[in-house]
Each structure stands twice: as structure tokens, then as C-alpha cells.
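Since the structure is predicted, the reported quantities are computational estimates derived from the model, not experimental observations. Convention: sequence-line order gives letters A, B, ...; per-chain numbering from 1.
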2 protein chains.
Amino acid sequence: MQKKRKECPEVATCSVDYAFRRIGGKYKGRILWYLHEHSILRYGELGRTLPDITTKMLTQTLRELEIDNLINRKVYHEVPPKVEYSLTEVGEELIPFITHLKEWGDKQLEREQMKN
Amino acid sequence: MQKKRKECPEVATCSVDYAFRRIGGKYKGRILWYLHEHSILRYGELGRTLPDITTKMLTQTLRELEIDNLINRKVYHEVPPKVEYSLTEVGEELIPFITHLKEWGDKQLEREQMKN
DNA sequence: CCGAATCCTCAGGGATACTG
DNA sequence: CAGTATCCCTGAGGATTCGG
């Protein structure tokens with residue numbers, strides 16, 4: 001264990017780890033889900049949909065998702081500015097599994113309700 | 001945005017966020033996946049399967065998964081000691097979606113190979 | 001309206017040594 | 001073998017201010 005932490009071959013080629021690094025973080029799951037539900041959302045709309053996020057994290061997270069080719073960013077050069085975000089095809093491919101995960105979460109939340 | 005960060009109702013009841021908090025972190029995805037692949041793994045076997053993990057994180061992560069009722073911990077009171085980990089039913093319910101995610105990751109990794 | 005730029009905090013994680 | 005116990009550090013994320 002823990003020798004040569006970086007460049008570890010197991011980690012480098014593990015698709016589970018690969019995928020989790022791409023959708024990990026505090027907000028990526030919810031952003032992908034909301035974009036799926038609404039098809040298109042503007043920057044400000046996303047911000048209101050995630051009440052606990054700061055502009056810094058919103059921008060940063062959107063950039064990462066864009067670089068990983070999970071979302072599209074469409075800029076309207078108007079005044080006032082307008083930017084729309086939507087899922088790419090690759091991003092859409094993640095939806096079935098986020099749906100699965102959400103259903104699981106709903107079930108667990110219900111179970112926890114039962115106890116109280 | 002960012003007023004009253006904690007106890008935000010949207011976050012408290014969002015099942016997507018709920019689920020991601022339970023399977024987030026650096027190792028949980030891989031641990032669940034390996035436990036699914038092997039059915040039962042001992043502490044040391046898990047450690048060898050995740051070459052980049054430390055004993056501290058391995059123990060800590062296993063405890064969290066156990067508290068969330070995703071894995072079973074079975075202790076054999078022998079010398080030398082022996083502890084086996086396996087998925088609970090609730091944990092098994094996550095497998096279809098981790099499978100989905102893994103397939104997605106494999107496909108992305110292939111695409112990245114193509115470019116090089 | 002949609003960010004960029006700073007500065008800062010803190011918790012997730014790492015290294016190392018020790019134990020029943 | 002299967003952990004504990006410490007100490008430590010990095011980087012994800014937060015608060016605030018400024019700009020086109």
C-alpha cells in the first residue's frame with residue numbers, strides 16, 4: 001500500500017475512478033440533473049436552483065463540466081449578456097444512471113422518514 | 001445565492017445530493033465495485049486492491065459505508081484476526097448504477113485513447 | 001447579467017509509528 | 001492481521017470585491 005501514490009496503474013486505468021472524478025465534487029451531480037430536467041438553463045437560473053452555491057464554484061464547476069465535454073455553453077452577445085447551458089450527448093449518456101441514483105436516494109430518504 | 005448555506009431545504013431534501021454524499025469521496029465507488037466483483041473481501045485484500053489507499057482512509061471509509069448500511073462487517077475472533085466485508089442489500093441496489101457508470105467510464109477512456 | 005480575481009478557511013486525506 | 005493514534009498538509013470550497 002501507498003508506495004508510488006501517483007501514476008499508480010490501477011488508478012490510472014480504473015474506469016470507476018475515472019468516472020467518479022468527472023462527476024464528483026459537491027455540485028456536479030445536481031447540475032447535471034437540473035440541466036436534464038430543464039433542458040436549458042441560464043447561469044442565473046442555475047444559481048437560483050442551487051441556493052447553496054457561490055458564483056465562484058458555479059463558474060468553476062461549469063467550466064470543468066464543459067472541459068470534460070459534459071455540457072454545452074452558448075453565449076449570446078447581447079446587453080445584458082445571456083449564457084445558456086445544456087447537456088452534450090456525452091452528458092446525456094450519464095442521465096440513466098443519475099436517474100437510478102436519484103431513485104435510490106429517494107427510497108433511502110423515505111426509509112429514514114419511517115424511523116422518525 | 002449563498003444566504004443561509006446550512007439547513008437549506010433544497011439541499012436537505014434533494015435525493016441527488018443525498019446519494020452523492022453517500023458514495024462520494026475518493027474511494028467509496030471503487031470499494032463498492034470491488035466488493036460486488038468479489039462478493040467478500042478481507043481488510044488486507046481491499047487494501048491491496050486499492051494500492052493508493054492508506055490504512056487510515058481504508059478504515060475510515062469502511063466505517064462510513066457500514067454506518068450508512070451499504071456494507072456488512074463480519075469479525076472472526078481468531079488469532080490472527082480476520083474481518084470480512086461484503087455488500088448489504090441496500091449496497092447491492094447501487095450496483096446497477098455503478099455498472100452503468102463504469103461502462104460510461106470505459107467508453108470515455110477508449111475515446112481518449114483514440115486521440116493519442 | 002455573467003462572471004473574474006483575491007484571499008482565506010477547513011476538512012479530507014496523507015505519513016508515520018504503534019498495538020491487541 | 002486489522003486496525004489506532006498523531007501530526008501534518010494540500011486543495012476543494014467559501015467570502016468578498018470588482019469588471020465588461
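- Across the protein-nucleic acid pair, B/K26 atom NZ and D/dT10 atom C1' stand 11 Å apart, rounded to whole Å.
- Across the protein-nucleic acid pair, B/D52 atom CG and C/dG13 atom P stand 11 Å apart, rounded to whole Å.
- The side chain of A/R42 contributes no N or O atom lying less than 4.0 Å from OP1 or OP2 of C/dC1.
- Distance, A/Q60 CD to C/dG3 P: 14 Å, rounded to whole Å.
- Atom P of nucleotide C/dG13 and atom CG of A/D17 are separated by 12 Å, given to the nearest angstrom.
- Partners of A/K56 according to the salt bridge (Lys or Arg N to Asp or Glu O under 4.0 Å) rule, which considers only residues two or more places apart in sequence or in another chain, do not exist here.
- Look at CZ on B/R21: it is 14 Å from P on D/dG13, rounded to the nearest Å.
- Put simply, B/R63 has a side-chain N or O that comes within less than 4.0 Å of OP1 or OP2 on D/dT4.
- For A/S15, the side-chain hydrogen bond (donor to acceptor under 3.5 Å, both in side chains) test picks out B/K102, B/D106, with sequence neighbours left out.
- The side chain to side chain contact (heavy atoms under 4.5 Å, CB included) test with B/I23 is passed by exactly one of B/L101, B/L32, B/I31: B/L32.
- The nearest whole Å value for the distance from the CD atom in A/E64 to the C1' atom in D/dG11 is 12 Å.
- Across the protein-nucleic acid pair, B/L62 atom CG and D/dC1 atom P stand 16 Å apart, rounded to whole Å.
- Distance check: A/L41 CG to A/L46 CG gives 4.5 Å after rounding to the nearest 0.5 Å.
- For DNA chain D, the neighbouring residues in residues 65-81 of chain B, judged by any heavy atom under 4.0 Å, are B/R73, B/P80, B/P81.
- Listed candidates were D/dG14, C/dG14, D/dA2. Nearest to the side chain of B/M57 is C/dG14.
- Helix-axis bend for the helix from C/dC1-D/dG20 to C/dG20-D/dC1: the local axis fitted to the five terminal pairs at one end deviates from that at the other end by 60°, rounded to 10°.
- Sorted by first and then second residue, the pairs that involve residues 60-71 of chain B and meet salt bridge (Lys or Arg N to Asp or Glu O under 4.0 Å), not counting sequence neighbours, are B/R22-B/D68, B/K28-B/E64.
- Under the salt bridge (Lys or Arg N to Asp or Glu O under 4.0 Å) criterion, B/K74 pairs with no residue at all, not counting sequence neighbours.
- Under the salt bridge (Lys or Arg N to Asp or Glu O under 4.0 Å) criterion, B/R42 pairs with no residue at all, not counting sequence neighbours.
- Proximity note for B/T54 (side chain, C-beta onward) versus D/dG3, D/dG13, C/dA15: the nearest is C/dA15.
- Atom CG of A/L58 and atom P of C/dA4 are 10 Å apart (whole Å).
- Scanning for side-chain hydrogen bond (donor to acceptor under 3.5 Å, both in side chains) contacts around A/E112 gives B/Y18, with sequence neighbours left out.
- Applying the salt bridge (Lys or Arg N to Asp or Glu O under 4.0 Å) criterion to A/R73, with sequence neighbours excluded, gives no partner residue.
- The 5' end of DNA chain D is approached more closely, in terms of each residue's nearest nucleotide, by B/V83 than by the other of B/V83 and A/K56.
- An OP1 or OP2 oxygen of D/dT4 is reached within less than 4.0 angstrom by no side-chain nitrogen or oxygen of B/Y43.
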